[in-house]
Protein chains: 2
Amino acid sequence: MISQLGARISQQFAEHLQPFGLRPAHFGVLVRIARDEGQSQQQLADHVGVHRNVMVSLVDDLEERGLVERRRHPEDRRAHAIHLTEAAVELLPRAEEVAAQFEASLFADIDPADHALVLDVLRRVSERAGLVPELHPALIDSRRPAPVDPESC
Amino acid sequence: MISQLGARISQQFAEHLQPFGLRPAHFGVLVRIARDEGQSQQQLADHVGVHRNVMVSLVDDLEERGLVERRRHPEDRRAHAIHLTEAAVELLPRAEEVAAQFEASLFADIDPADHALVLDVLRRVSERAGLVPELHPALIDSRRPAPVDPESC
DNA sequence: TATTGTTATACTCTATAACTATA
DNA sequence: TATAGTTATAGAGTATAACAATA
């Protein structure tokens, strides 16, 4: 159920972001850049939970949309330092407001205390499921619980 | 977050089902058939929430695995009546046990009352998001809330 | 030798259209 | 005319491997 719900939420969130010319992944990347400007693409990929190959095209898209800049990284000549443009600084709060309204609409008939509890529990379940945003992907696999042996049932 | 969690849960559930030679979608179809034997592929597709085209290959897979049979539908010569084989009747409870253990492992450090509450809330959110398992897909679109106008933020 | 960004490739999923046989 | 099952095809998304530049 969580999987199906997640897929539909992502689909609907994509519709909400369409007027901005963004997909959910773009939004996630922008939020991460805003939290800490000048990160490398590799760092962003780790934080968002995608492979660095995917980050290339995400940053490509955002650069074409005029929302981010690839600058020279001050410490590592291999890496880019990714920064928001002024257009992004203007756009991001509006997109975040749409996201907040969307979440509110989903939980519209849910008691606010229950809403908060659900998000807190899901956050803890996410960690248990190996979804640790701050963790390097290479470390995630070892945290995955091993599948159950079907013969033992 | 729900979207990312759902994707990872689906991925991990797939690993748990791999020893059975099943993917999550197959498991969902089997459960639906068990609930009401002799349904048409179209009915199954509606219940599971996929297009009837997709159900064709799902039933193909299950038939190859020897888990379901396509019999003549007693009332409609266009349709098939899908039934579980004895192998499926033997396998399904074991797969359901694996699923239950997997869910338990995800919520292992969550208070049981909170666990139940979360699932209940998510069920209600799912309905609000247009995820109504018993509803025909054609009716779902009209239940989707309209995207927010970004200019109003 | 390892890492960053990049490109290419393949594989899975999904969405759409069209066809047939029935209703 | 509409529906059930089927097939084919195109597109998005994802995963893997390889490469040049740099650490």
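To find a chain, count down the sequence lines: A is the first, B the second, and so on, and within it residues start at 1. As a basis for the values below, the full set of heavy atoms in this structure was taken, side chains included, without hydrogen atoms, waters or symmetry mates. Here the structure is a predicted model, which is why all the values come from computation and not from measurement.
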Examine the side chains of A:Glu69 and A:His83 and answer whether a donor and an acceptor come within less than 3.5 Å of each other.
no

Atom-pair distance (CD on B:Gln39; C1' on D:dG5), nearest Å:
16 Å

Given atom CZ of B:Arg72 and atom P of C:dA21, what is their separation to the nearest angstrom?
16 Å

Please tell me if A:Gln42 has a side-chain N or O lying less than 4.0 Å from either OP1 or OP2 of C:dT4.
yes

Between C1' of D:dT6 and CG of B:Asp60, the distance in whole Å:
9 Å

Is there a donor on the side chain of A:Arg52 or the base of C:dG5 sitting less than 3.5 Å from an acceptor on the other?
yes

Reckon A:Gln41 has a side-chain N or O less than 4.0 Å from the OP1 or OP2 of C:dT6?
yes

Using only heavy-atom distances, decide whether a donor-acceptor pair under 3.5 angstrom links the side-chain of B:Asn53 to the base of C:dT16.
yes

Taking OP1 and OP2 of D:dG13, is either one under 4.0 Å from a side-chain nitrogen or oxygen of A:Arg23?
yes

Side-chain N or O of B:Gln11 versus OP1/OP2 of D:dT14: is the shortest distance under 4.0 Å?
no

Starting from P on C:dT6, measure out to CZ on A:Arg78 and report it in whole angstrom.
13 Å

Does atom CD (B:Gln18) have a neighbourhood of more than 12 heavy atoms from anything else shown, all under 6.0 Å?
no

NA contact type, A:His73, heavy-atom cut-off 4.0 Å: base, sugar-phosphate, or nothing?
nothing

Classify the angle between the aromatic ring planes of A:Phe102 and A:His16 as parallel (below 30°), tilted (30 to 60°) or perpendicular (above 60°).
tilted

Base D:dT22 paired with A:Arg77 side chain (donor-acceptor, <3.5 Å):
no

Can a side chain N or O of B:His51 be found less than 4.0 Å away from OP1 or OP2 on C:dC13?
no

Have a look at A:Asp76 and say if it touches a base, only the backbone sugar-phosphate, or nothing, with a 4.0 Å heavy-atom cut-off.
sugar-phosphate

In whole angstroms, how far is the P atom of D:dA15 from the CE atom of A:Met55?
13 Å

Residue B:Glu63 excluded, over 12 heavy atoms near CD under 6.0 Å
yes

Let me know the distance between CG of A:Asp61 and P of C:dT6, rounded to the nearest Å.
12 Å

Here the distance between atom C1' of C:dT4 and atom CD of A:Glu75, to the nearest Å, is 14 Å

Any carboxylate oxygen within less than 4.0 angstrom of a Lys/Arg side-chain nitrogen, looking at B:Asp61 and B:Arg23?
yes

Would you kindly give the CZ-to-P distance between A:Arg71 and C:dT4, to the nearest whole Å?
21 Å

